[in-house]
Amino acid sequence: PRLYSPDRFIGAEEMAAGRKLPDLEWGYHDKEVLSETLRVLEAERAKPVIALVSLMDMHPPYYSDVPEADLPKAVASADSRLLRSLYSTDKAIGWFFTELERRGLFDDGTLVLVTADHRPAYGESASFMDPADYMNWRIPLIFALKDGHSRLRLGRDIVGSHIDLGPTILSLLGLPVPPGYWGGSLLAYTWLFMETLPLAQRERQEVLLRLALCSILEQAGLEPDPDY
């Protein structure tokens, strides 16, 4: 439906603009995708823009566009495609933030949210994960904005998921969450003040936590308590 469709989609074919596509399974390297993002943001700087950007170098089979000679010794000597890809993506994201600042695109009205679609689950990354450790089931969630420290109060003990991102962004904008949203603003969640939340939000937090714990037990080969 048009309500949920982007005004514009830019994929590998659109970035290639008639040129030969790169010989990569997932399209372009992360830095090239972020470079295209900067181009679009500069062209649209006179109006509000929401851009969803997907970076794929960290997806198996793992890619890196950093020359071997420029890799840190610890990464180069590890003989790991995953670590090379991780270093490349981290370097590309750092470059992106530097360019946002340099080009005057990171102002008081700019929010950059960095997250992942799922935890490391397969490929080389799975060998680093202990399924019995719930800390390995988390994904990164970074909010970057001007004066962000004073405007964000997100504790490490908050349980949330992707469905909370929309309500959280609306909360930062000072806008109400439309009826029917399953998620809630992460800014409202803290275990110290759970009793102050509306009953529906409290119950949702408890359900999310129970589902996460049950899933972890199953992955570890343990049976969850049927009464839990």
Side-chain angles (χ1 to χ4, degrees), residues 1-60 62-63 65 85 88-119 139-148 151-152 154 160-189 204:
R2 184 70 184 89
L3 179 62
Y4 302 106
S5 299
D7 294 326
R8 184 180 178 191
F9 175 83
I10 302 175
E13 291 78 9
E14 288 77 14
M15 285 181 61
R19 297 168 299 180
K20 184 179 181 298
L21 286 170
D23 188 23
L24 298 174
E25 183 175 339
W26 294 100
Y28 284 87
H29 283 300
D30 293 347
K31 187 174 181 179
E32 294 175 284
V33 173
L34 292 172
S35 180
E36 176 69 11
T37 303
L38 288 167
R39 187 190 67 78
V40 172
L41 292 176
E42 283 198 305
E44 305 288 345
R45 68 163 65 228
K47 61 183 182 181
V49 174
I50 297 178
L52 174 63
V53 184
S54 295
L55 304 180
M56 302 303 297
D57 276 350
M58 276 293 294
H59 198 289
Y62 310 115
Y63 291 106
D65 61 351
S85 175
S88 177
T89 295
D90 182 74
K91 193 175 180 67
I93 292 175
W95 171 83
F96 177 70
F97 277 104
T98 299
E99 286 298 304
L100 282 177
E101 289 272 14
R102 187 181 70 82
R103 303 183 192 202
L105 294 169
F106 195 53
D107 56 24
D108 290 337
T110 302
L111 167 67
V112 181
L113 192 155
V114 182
T115 188
D117 58 341
H118 59 77
R119 70 181 180 89
I139 60 173
L141 177 58
I142 301 170
F143 288 87
L145 68 164
K146 290 287 188 181
D147 194 28
R151 293 164 63 185
L152 284 176
L154 295 178
S161 70
H162 289 106
I163 61 175
D164 298 314
L165 298 183
T168 302
I169 293 171
L170 289 172
S171 178
L172 283 169
L173 293 171
L175 299 175
V177 178
Y181 265 54
W182 280 27
S185 173
L186 294 174
L187 301 179
Y189 294 156
R204 181 189 157 281

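Note: hydrogens, waters and symmetry copies are ignored here, and every other heavy atom, side chains too, is used. Along the sequence shown, the residues carry numbers beginning at 1.
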Problem set entry | Geometric class of the Phe97/Phe106 ring pair [parallel <30°, tilted 30-60°, perpendicular >60°] | perpendicular
Checking [X] side chain against [Y] main chain: does a donor-acceptor pair fall under 3.5 Å?
X      : Y      : value
Ser88  : Tyr63  : no
Trp26  : Pro60  : yes
Asp164 : Ser185 : no

Between [X] and [Y], which heavy-atom pair has the shortest distance, and what is it?
X      : Y      : result
Ala12  : Gly27  : CB-CA, 4.3 Å
Glu32  : Met15  : O-CE, 3.6 Å
Ile163 : Pro167 : O-CD, 3.3 Å

Any chance you could measure [X], atom [atom1], to [Y], atom [atom2], to the nearest 0.5 Å?
X      : Y      : atom1 : atom2 : answer
Phe96  : Leu55  : CZ    : CG    : 9.0 Å
Ile142 : Ile93  : CD1   : CD1   : 7.5 Å
Glu36  : Lys31  : CD    : NZ    : 15.0 Å
Leu170 : Leu165 : CG    : CG    : 11.0 Å
Ile139 : Asp117 : CD1   : CG    : 7.5 Å
Leu113 : Thr168 : CG    : OG1   : 8.5 Å

For this session: Take Met56 and Leu24 through the side-chain contact (heavy atoms from CB on, under 4.5 Å) test and state the conclusion after the steps.
Result: CA-CA 10 Å; Met56 302 303 297; Leu24 298 174; over 6 Å; no
Listed by chain and number, what are the side chain to side chain donor-acceptor pair (under 3.5 Å) partners of [X], not counting sequence neighbours?
X      : result
Arg102 : Glu99
Asp90  : none
Thr89  : Asp30
Ser35  : none

Exercise. Can you tell me if Asp57 and Ser85 form a side-chain donor-acceptor pair at under 3.5 Å?
Worked result: no
For this session: Applying side chain to side chain contact (heavy atoms under 4.5 Å, CB included), name anything that partners Glu14, two or more places apart in sequence or on another chain.
Result: Phe9, Ile10
Exercise. Quick check: are there more than 12 heavy atoms from other residues, nucleotides or ligands sitting under 6.0 Å from CD1 of Ile50?
Worked result: no
For this session: Answer yes or no: is there a side-chain heavy-atom contact under 4.5 Å between Leu34 and Val53?
Result: yes
Seminar exercise, completed: Sorted by chain and number, sequence neighbours left out, salt bridge (charged side-chain N to carboxylate O under 4.0 Å, His left out) with Glu42 holds for Arg45, Arg103
